Every structure is written in structure tokens, then in C-alpha cells.
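Notes for the one structure printed next.
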Amino acid sequence: MSKALRIITQVLFLYLFALLGNFLVKQLHLPISGSILGLFIVLGLLHFKVLKLSMVELGASFLTSEMLLFFIPSAVAIIQYKTEILQHGSQFLIVILLSTVTVMAVTGLVAQFALRRLANKKGEIGQ
Amino acid sequence: MIAFICILLTIAVYVLSKCVYKRMRFALLSPLLIAPCILSLMLVGVHIDYSDYDKGGRWLSNLLQPAVVGFAVPLYKFRKVMKKYAKIIAISMSTGVFIAILSSGVFSHIVHLNDSYLLSLLPRSITTPIAMAVSVDIGGMPTMTAIFVIVTGITGLILGPAIIRSMHIQEKLAKGLLLGMGAHGAGTSKALEFGSEEGAAASLAMVLAAIITLVFAPILTPLILL
């Protein structure tokens, strides 16, 4: 099978798991999204060797590396909100900018601090 | 017919802006910022309604679902690393979610946004479907939340690498977590550019951020509205 064809089949295969996730979420009234449930299903199937990595790897890496393309239509959707943007656009932007910087910096620093402490502890034990 | 043209046009503009970005390597030229700007100008220029554009656009947006499922692959590959650092990941992500909700609320207060905008901003750092669900849950406007989520993605994608540099974040796990926490899927795609371990950490962060927010947001919301 050519590479392109394999990517397409694997993308459709992954899509099936998203649909399965959507279905289960609806039936069982779960609060999470179908695609996240689908992710866990695939993870479980890989873990229990029901699925082989080679059955999904090409499709998954195609989808995740071109993911920005799939965000573009939702970004274009902003043009529908002209009045809100004209009225409050700068306020929205300030909140999102400052908050995103804060979140990223804090998360990164906490993780780095914890990782280094763990590494130091292990180092002491090793001595 | 118009739907099909819109899909092709979106892909063409995306591929083109990706080429430009690869050549210039300038963060503000990210395809997620440039391509929507070009497409919006085109739509306005030729008087096509967004609803007509979205008949095609929807097909591309829908591919986000299998893409999220696809993050199972990096997660699976690095499951041992993720398991080993489970405690650190849990601490970092809980802190991240707490700060995300709190800082969105505090900054909204500071710039005097009304409560319904404030509530719509609270879940902005997680993946769209769950962010919209949380928004409904806490009394926000889900369509505005969807916009804030995408703007957060663009912001995080552009600023993430600069934050990593200026804060001297060196650990791969920390880089991935901050990108996935701060900018959901968009950040995760940036993390994959750094490397597959960063990508795996970001995938996990994206998923955990969504789940933790689902639990935390309704609890924190009354405190923020005080």
C-alpha cells in the first residue's frame, strides 16, 4: 500500500474511535469529550496489544503534525463577532495574553522545580 | 461546490503560510495567525458569509477529533516516562489549571469586563469541546469561549517558545507540560516540533488540563465572582 493510502486509512480508523467516543459519551452522559474518550480507548487497546502501533502511527503523526490546519476554520469564525471585538477586543486580548503567559510560566517553573528536586534527592541517595 | 472550494482554499493558504513560516522562522508568522487573517480578508473581500465558508471549514474542524485521538500514540510511546513522573505531572497540572482559571478571572476584573465575558474566559485554556461545556456549566457564553480558546491557542503557540527561553526551562517534560497546559492542542503541536517526548508531555497536559478544569471550574467560579 502506498504511504498516502495508508495515512488515509489510518486517519479514517482514528476517526472511528472518535465517533465511538462521541457515541459512548452521549449514551452514558459522560462529562468529557468523545475524542478524549477515544484517545483513552486507543491507548488502552495499544496497551493490551489489541492494536499494534504500526496500525495507527502514520495516521496519528500526520494528524498531529498538521493539526494547525484544523484550527483555522474556528479562527476564521472570529469575523462573526465584529461588534464584540470592536467593543472589547483589546480587553479580551490583554486578559488572554497576560493569563496565558502566567499559566505557562508557572506550570513550567513548578514542573522544573519538582523535577530538579527529585533529581537532587536521587543524587543524594546515590552518594 | 462552494464548500469544496473553501476546503481547497483553506488548505492552499495553510500550505503557503507554512512555507513562509518555515523560511522566515518568525513566531508572529505562525500559520495559525497568518492563514486565518488571509482567509478572513478573502471572505470579506468576495462577500462570502462565514456560515457558507464553514460548510467546507467544518470538514477540516472535524479532523480535530481524530487528531486528538491520535495523541494516544506519543502518550503510549512515552508511557513509562509519564508514569515515572506521575506525581510531578499531577502537581504541575493542578497548579496550572488553578492559575489558568484564577488569572483569567483576576485579569478580567482588572480590565472591567462584565461577568458573562469573565465566565466565558475562565475555561479558555483547554480544548474547545470541553471548554464550551464548562462555559455552559458555569454560566458563560459557549460561542465566545470557543473564540477565546482559539485566541489562547494562537497566543500560546507564539509566546510559548519565548517563555521557555526566558524562564530557562530546560527539562523536556516541563516544556511539554507548559505548552499543553497553556495552549491545549495548538501548544501540543508546537511541543511536537520540539521533540516527541515534549509532544507526549503536552498531549498528557492537554488531556489532564481539560479533565481537571471540568472538576475545578465550577468550584472556583463562585470565589472569582465574589
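Chain naming here is simple, since letters A, B, ... match the order of the sequence lines and numbering starts at 1 in each. If you're wondering where the values come from, they're calculated on a predicted model, not measured in any experiment.
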Looking at every heavy atom in both A:Ala60 and B:Val73, which two are closest together, and how far apart are they? CB-CG2, 3.6 Å

B:Leu192, part contacting chain A, at a heavy-atom distance under 4.5 Å: side chain

Tell me, for B:Leu60 versus chain A, whether the close heavy atoms (under 4.5 Å) come from the side chain, the backbone, both or neither. both

Suppose a student defines contact as a heavy atom less than 4.5 Å from any heavy atom of chain A. Which residues in residues 200-209 of chain B would they list? B:Val207

Measure the CG-CD1 distance between B:Leu159 and A:Ile96 for me, rounded to the nearest 0.5 Å. 12.0 Å

Please classify the contact of B:Ile169 with chain A as side chain, backbone, both or neither, using a heavy-atom distance under 4.5 Å. both

Look only at the side chain of A:Gln10 and the backbone of A:Ser54, and say whether a donor-acceptor pair between them is shorter than 3.5 Å. yes

Okay, B:Ser17 and chain A: the region with an atom under 4.5 Å from a heavy atom over there is neither

Sub-4.5 Å side-chain heavy-atom contact between A:Phe62 and A:Leu14: no

What part of A:Phe71 lies closer than 4.5 angstrom to a heavy atom of chain B: side chain, backbone, both or neither? both

With a cut-off of 6.0 Å (strictly less than), are more than 12 heavy atoms of other residues, nucleotides or ligands near NE2 of A:His47? no

With distance as the sole test, does B:Gln65 use its side chain to make a donor-acceptor pair with the main-chain N or O of A:Ala18 at under 3.5 Å? no

Examine whether an atom of B:Leu43 lies under 4.5 Å from a heavy atom of chain A, and if so say whether it belongs to the side chain, the backbone or both; otherwise answer neither. side chain

Please classify the contact between B:Lys87 and chain A as side chain, backbone, both or neither, with a heavy-atom cut-off of under 4.5 Å. neither

Options A:Leu43, A:Leu12, A:Val76, ranked by heavy-atom pairs under 4.5 Å with chain B, top entry: A:Val76

Rounded to the nearest 0.5 angstrom, the CD1-CD distance for B:Ile164 and A:Gln112 is 10.5 Å

Please check this pair: side chain of B:Thr145 against backbone of B:Ser120, looking for a donor-acceptor N/O pair closer than 3.5 Å. yes

Under 4.5 Å heavy-atom distance to chain A, tell me which part of B:Leu214 shows up: side chain, backbone, both or neither. side chain

B:Asn114 side chain vs B:Ser116 backbone, donor-acceptor pair below 3.5 Å: yes

Using a 4.5 Å cut-off on heavy atoms from C-beta on, say whether the side chain of B:Ile224 contacts that of B:Leu102. yes

Residue, of A:Ile78, A:Leu37, A:Val11, that accumulates the most heavy atom pairs under 4.5 Å with chain B: A:Ile78

Pair count under 4.5 Å, heavy atoms only, with chain A: among B:Ile211, B:Asn62, B:Val44, highest is B:Asn62

Spacing of CD1 belonging to B:Ile126 relative to CE belonging to B:Met181, to within rounding of 0.5 Å: 8.5 Å

Segment of A:Ser65 engaging chain B (4.5 angstrom heavy-atom cut-off): backbone

So which of A:Val42, A:Ile72, A:Ile41 has the largest heavy-atom pair count under 4.5 angstrom toward chain B? A:Ile72

With a 4.5 angstrom heavy-atom cut-off, could you sort out which part of B:Ala210 is near chain A: side chain, backbone, both or neither? side chain

Using atom types as modelled and distance alone, determine if a side-chain donor or acceptor of B:Glu171 lies under 3.5 Å from a backbone N or O of A:Arg116. no

Which one of B:Ile91, B:Leu179, B:Thr143 has the most heavy-atom pairs closer than 4.5 Å to chain A? B:Thr143

At a heavy-atom separation under 4.5 Å, does B:Tyr117 approach chain A through its side chain, its backbone, both, or neither? side chain

What option among B:Ala146, B:Gly176, B:Gly185 has the most heavy-atom pairs under 4.5 Å with chain A? B:Gly185

So which part of A:Gln80 gets closer than 4.5 Å to some heavy atom of chain B, the side chain, the backbone, both or neither? side chain

Taking only residues two or more places apart in sequence, or in another chain, which ones meet A:Arg117 in a salt bridge (Lys or Arg N to Asp or Glu O under 4.0 Å)? none

Under 4.5 Å between any side-chain heavy atoms of B:Phe71 and A:Thr64, yes or no? yes

Considering residues at least two apart in sequence or located in another chain, which fulfil the salt bridge (Lys or Arg N to Asp or Glu O under 4.0 Å) criterion with B:Lys77? A:Glu57

For chain B, find which of A:Ser35, A:Ser33, A:Ala75 contributes the most heavy-atom pairs closer than 4.5 angstrom. A:Ser35

Select one option (side chain, backbone, both, neither) describing which atoms of B:Leu64 are under 4.5 Å from chain A's heavy atoms. both

Kindly indicate whether the side chain of B:Leu16, heavy atoms from C-beta on, has any atom under 4.5 Å from the side chain of B:Ile38. no

Strictly distance-based, threshold 3.5 Å: is any side-chain N or O of B:His184 a donor or acceptor partner for the main-chain N or O of B:Thr152? no

Chain A: which of B:Val106, B:Leu121, B:Leu113 shares the most heavy-atom pairs with it under 4.5 Å? B:Leu113

Sort B:Lys172 into side chain, backbone, both or neither according to what part of it lies under 4.5 angstrom from a heavy atom of chain A. neither

Check whether B:Glu198 reaches the backbone of B:Lys175 with its side chain - one donor and one acceptor, N or O, closer than 3.5 Å. no

For residues B:Val97 and B:Ser94, determine if any side-chain heavy atom of one lies less than 4.5 Å from a side-chain heavy atom of the other. no

Tell me, side chain or backbone of A:Leu118 under 4.5 Å from chain B's heavy atoms, or both, or neither? side chain

CZ (B:Phe98) with more than 12 external heavy atoms under 6.0 Å: no

Which atoms of B:Tyr76 approach chain A - backbone, side chain, both or neither, heavy atom under 4.5 Å: both

Would you mind checking which part of B:Thr95 comes under 4.5 Å of any heavy atom in chain A, side chain (CB onward), backbone (N, CA, C, O), both or neither? side chain

If we define contacts as heavy-atom pairs under 4.5 Å, which of A:Val110, A:Ile36, A:Ile79, A:Leu115 has the most with chain B? A:Leu115

Chain B shares the most heavy-atom pairs under 4.5 Å, among A:Val103, A:Thr107, A:Leu69, A:Val106, with A:Leu69

Under the salt bridge (Lys or Arg N to Asp or Glu O under 4.0 Å) test, residues paired with B:Arg79 that sit two or more places apart: none

Interface residue of largest heavy-atom contact number with chain A, from B:Ser92, B:Ser189, B:Gly199, B:Gly160, under 4.5 Å: B:Ser92

Side chain / backbone / both / neither for B:Gln170 at chain A, heavy atoms under 4.5 Å: both

Residue, of B:Ile154, B:Thr188, B:Thr155, B:Val13, that accumulates the most heavy atom pairs under 4.5 Å with chain A: B:Thr155

